[in-house]
Structure formats: C-alpha cells, structure tokens
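Accompanying notes for the structure given below.
All chains are named by letter (A, B, ...) in the order of the sequence lines, taking the proteins before the strands, and each is independently numbered beginning at 1. Every value quoted in this text rests on a predicted model; they were computed, and no experiment measured them.
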Number of protein chains: 2
Amino acid sequence: MSPDLNAMALFVRVVEHQSFSAASRRLGVPISTVSRKVAELEKALGVRLLERSTRKLRLTELGQDYYAYCRRGLEEIETGTLMLSERQAEISGTLRLSVPPGLADRLIVPLVSAFQAEYAAVTVRILITEREVDFIQDAVDLALRVGELKDSNLVARPLIRYRHILVVAPAYLDAFGMPEHPRDLPTHRMITFGGWFDDVSLKLVRNSSVHTVKVEGVLALNDYAGVLCATEAGQGIAEIPSIICGEALRDGRLVEVMPDWRFPSTSLSAVYPGNRNLSRIVRLFKDYCVEQVNVLSPYAGI
Amino acid sequence: MSPDLNAMALFVRVVEHQSFSAASRRLGVPISTVSRKVAELEKALGVRLLERSTRKLRLTELGQDYYAYCRRGLEEIETGTLMLSERQAEISGTLRLSVPPGLADRLIVPLVSAFQAEYAAVTVRILITEREVDFIQDAVDLALRVGELKDSNLVARPLIRYRHILVVAPAYLDAFGMPEHPRDLPTHRMITFGGWFDDVSLKLVRNSSVHTVKVEGVLALNDYAGVLCATEAGQGIAEIPSIICGEALRDGRLVEVMPDWRFPSTSLSAVYPGNRNLSRIVRLFKDYCVEQVNVLSPYAGI
DNA sequence: AATAATTATTCCATATATGGGAAAATAGAT
DNA sequence: ATCTATTTTCCCATATATGGAATAATTATT
C-alpha cells in the first residue's frame, strides 16, 4: 500500500522546521498527531527516517535522500495549487461558448466584445451550432439556448424573452398583397429557417385562437442572417426573431405581416453544467450576460 | 488549509485511468470513496477539475494544468519511495561506528574487513573516541562500548566478556622484582591508560578479598596500543584488556603480574538506538558482530 | 543543585472517516 | 426494448483517526 501522502508532507515540514513542535505550531496540527504520523510513515516504509530525542533531530542517510525527493515532489504540487488560485484570481483563460446560428453577429459578438473590453486576459471561443451540445464531449463551458431546457443536469439562466415576427419587404406586398389569415401563407412565397428534411410549421395565436400552418420554403437555410437578407430583398415572407429583425422593422425596410396574429414568446438562456465549482470566467460571463443583454439587445420584448 | 494529498493522488489516478470505476478497481478503493474524495478536492480548491457524466470524463482547462503539476510531483515522491525499498534491498550505504580507543586495530578493523568482504557495497566509518557518543548529535549508527549501559533509550547487545590483566615485561621483573601484593604497586613504575586529570585506581580481587590501590603512572595515555608498546619495552607494569595483550602473553613478550589477584570482568557490547526501523546494514552488522566476534578475538575469556 | 520550560511519545475517550451497498439516472452495447 | 456499466449520492455500522492529557527526558534558567 502506498504510504500516506499527508504523513509524508508532515515529515517534510518537520525536517524543514528541525522540530516536531515547531512544525506542529506552524501547521496548526497537534504535536501528538505529527509524532504519530511520522512514526507511522517510518513503519510503512520500514525505514527510520529521523533520529530524534527531545530537543535533537537528525535525518538518517536514507531519510536525507528520501526527504530530497519528497521536497521536490511537494514543491511541484504546491506550485500547481498556487497556479490554480492565481488563475482563479486573475480572470484569464479561455471561455468556450456554444451559440445557435444567427445570433452570433448581432447579439453575441457585441456582448463578448464588451466582456473582453472589461477582462482583457480572457480568450473567447464560439461554436455556432444548431445541435444541442454535449458539454463534456464538445468541451463547452456555457451555451446560449433558445427555448426550454430539457436536460436536468444542466442549469438554465434566462437572459431575455422575445418572440418571432412574420416580416416582409414593402415591395413584395405591392406585388402580391398582404395575407389576411395564416391559412393564406402556403400560397405565398416563404423563406424559412431550417427545413432541411421536413417542411416548417408556423404556429400563430390571435387572442385565444391558435392556428398552425405548414409551409414549404422557396428558400430555406439555417442562418437567420441569410433569411433576413433574402426577406429584405423582397423574395418572400419569413419568420424572424425580433432580436434579429428589430432594426429592419424600425427603419422601414421590413413590415410586420398580420400583426394581430403572433408567435408564442420564447426565451434565450445561458445554460451550463451546474453552479458548483464553476470556473471564475464562466461565472463572470454568465452574470455579465444577465446584466448586459437587455442593454445590448433593445429588440427583446417587441 | 492545504488540500488532502491523498485525494489529489486519487484525482491523478482517475485521470490516468480515464474512469472513476477503473481507478477504483485498480486501487482497491470503493467507487463511492473515489467519487467523494475527488468532489471534496474540487470543493477545497474551489475549482472544477473534471467535467464528467456516466461514461464520459474530461479535464477542464485548469484541471489539465493542475493534473500536470500533480503528476510530476507524485512521480518524484514515488521515485523516492522506490529508492528507499531498493536501498533496503541492495545492502549498501554507510555504516557509522563509534569505537573506544585501542580496540580498532586489533578487533574492529578485522571484523569490519570481514564484513565488507561479504557486503562490498557498504562503506564503513569509524569514530575512535573515549566519549560516550550522542547518537543523534554525533550521527552514530552503532557504538562498541565497554561496560554496562547507562542510557535507557539505547539497546546493548553483549558481544564478548573479558577482563583486564596486569602485565609486565620479563626484563622489568629481572631488574625490580615481582610485586607480591597490590599495595606494592605504587612503589613500582606504572604505565596507565587515561590519567589525564586524576590518578588511576586499580581494583583487584582475590577470592572474596577486594583491594583498591591508587597509582600514578610514569607514563599515561588513552591508547592501549601505546600502553602495550611501552609495557613490552620494559618501562613498567600496566593494566591491559586481555583482548589486546593476549597475543603478547602467549608469545612470552609479557607475563602476568600476581595472577591470583584479578580485575572484575567486563563486557564489550554493540549499542544502538533501539530495534525499531533499524537500517538494514546496521542490523546486519550487529548480527554479524554477534556471530563473528569470538572467532576473531580468541583472547576473550582469559 | 533545583526548578521551570520545552520537547517527543504514548494512551484513550471521542470524533470523524470509511466501506459497502443501494438507489437513481444516464449512456452504450446487444 | 433490454441489459450492462458508470457515476453520484445517501445511509449507517464499523473502523480508524484525532486531540488532549499524562509521562519521561532534555535543556535552559534561576
């Protein structure tokens, strides 16, 4: 059986202090514990490491050599422990974020840039993926996720609530007219997000009336930036999150289609694998998101 | 408080095995203990070292760096532990003996030479001193001592019993005649051992009659080799241990004075600081002395 | 020389840690 | 769909460690 490493550490301290009592006082460990631990270490190793009496202490020949090895080993371990606390204190390292497509350039990049302005030693890596990432396999510190959390091992901190909006370019309306009911939408040209394998369903609510309609996009891609661009070009009607299209609506480049029919609101959350022993920069960024996200995204809440 | 080094060692093993379960099986430690210990280490350090779920394990960024320090530290300590057991096995190192004056060349050197012929890797250092050495302060492994042991913390293993003998050269007797009683001795030329500050007392016994006589040496020194040499040269009568003068008696260079008056016998012992965790070479040499000393010194028992 | 202070060891009542098993949830293999 | 393996957490009887006191020895002080 390997000897007790804590006992070995006490042995090293006793040698450094040249005294059981001095080591005991310095470490805040009872003298009886120090004495017993060192004696147990000698027994486990089958070697007398120290010759001692009251007031006198001397390493044996083998004890001298063993002490040299142990001191170097402990120094390495202590350097590692110190490195950890310094790294925790200095707010540096790499933050690894997972972000759904379409959010990075309009929301996340400004947020991260502001964060890094405040914490210059932090590196940020962003994985844009539509997948629900695996925090272990994909090595993700924190994910921004739309919608409700399904994984019970993870913690979700809501950042903003917003809704999607049906939008269109004015020129399209001049040519094809405004739809008057959700059931009219399949007869219109639709630009959809996703739609790789299946058609997209739109679920709209007016008062307490719910209407779900399936549409086939003439253009479908999983990037809201591309969806926005095509919609502004008048190529069709699209469902776009308010935090992405809010500026185009404000500037008149897009108008809302059937404003009294609305999508259910959803949320954007910061998701991470529990609060316990969370890395300092992850904790800081999480809290930063909570504080800053409404400031940086005025189109939440439309 | 410093983190638990044994817990840190478990952490390193878990990383090496890439599995709590594999580490648990390999180390013979319950899986619940491994899990708890690593969690406690993370709490003590305030850092998540590992991201993990069932079937997946990954070091965090800080965990990776900490692991590297700890692995090097543990390797150093393990090398030291292995060094100890190898050194115990290989019978090498330095044996440090303390020997009273006058014994080294006639008894100890042959004994040590024979021991080193058998154990070639052992170095022996001999301190010839009349003092009762301090095992700690003087860094002595084993002492050869004449007489009874006074220090209760030490262990004495008797080697031989012998007595001192009053001896003289025949030429001296031709010139001055043989003393007939111990009280005659002060009128003779005496060569004494020691006698630096005080005169020397001789205590002689015949049957149950005890006579103590104080003599002043015309020559006094604390080296039996010198005492023997001067006595053989006819310069006086001397008290010399049988193990030193036995050969000169056998060869007729010296004769015994008043053979029916005798000194009390005394003993030569190997003295060492207890049997617990005694260095291998000290233990071996002690046992070797017990076995060999009568063979190498036929004049014990005269 | 006597006394006081300090040191290291040992013992034991008490405190704490551990081992082992079970349960629950997750994930990969069959 | 089921089985197997992994990790975490909890529980508790048991084992072990601990802290304080007593003891003996040594050195410093008076």
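Residue pairs meeting the ring-ring contact (aromatic ring centres under 6.0 Å, His included) criterion with at least one member in residues 268-287 of chain A, sequence neighbours excluded, are A/Phe115-A/Phe285. The side chain to side chain donor-acceptor pair (under 3.5 Å) analysis of residues 16-33 of chain A, with sequence neighbours excluded, yields the pairs A/Arg13-A/Glu16.
In terms of the side-chain hydrogen bond (donor to acceptor under 3.5 Å, both in side chains) criterion, A/Lys43 has no residue partners (sequence neighbours excluded). For A/Ser265, the side chain to side chain contact (heavy atoms under 4.5 Å, CB included) test picks out A/Arg161, A/Arg163, with sequence neighbours left out. A/Asp65 meets the side chain to side chain contact (heavy atoms under 4.5 Å, CB included) test with B/Met83, B/Arg87; sequence neighbours excluded. For A/Phe11, the ring pair (Phe, Tyr, Trp, His ring centres under 6.0 Å) partners at least two apart in sequence or on another chain are A/Tyr66. By the side-chain hydrogen bond (donor to acceptor under 3.5 Å, both in side chains) test, B/Lys37 pairs with B/Asp4, sequence neighbours left out. Residues meeting the side-chain hydrogen bond (donor to acceptor under 3.5 Å, both in side chains) test with A/Arg71, sequence neighbours left out: A/Glu75.
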Checklist entry - What string of B, S and - do you get for nucleotides 13-21 of chain C, 5' to 3', when a contact is any protein heavy atom under 4.0 Å? => result -----SBBB
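Nucleic acid contact for B/Leu57: none, since no nucleic acid atom lies under 4.0 Å from a heavy atom of the residue.
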Taking only nitrogen or oxygen atoms into account, show me every contact under 3.5 Å that the protein makes with nucleotides 28-30 of chain C, one pair per line with its distance.
from: C/dG28; atom 1: O4'; to: B/Arg55; atom 2: NE; distance (Å): 3.2

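Heavy-atom distances under 4.0 Å link DNA chain D to B/Ser19, B/Phe20, B/Ser21 of residues 14-22 of chain B, given in residue order.
Inter-axis angle, ends of the helix from C/dA1-D/dT30 to C/dT30-D/dA1, five pairs per end, rounded to 10 degrees: 30°.
To the nearest angstrom, P of C/dT9 lies 9 Å from CG of A/Leu50.
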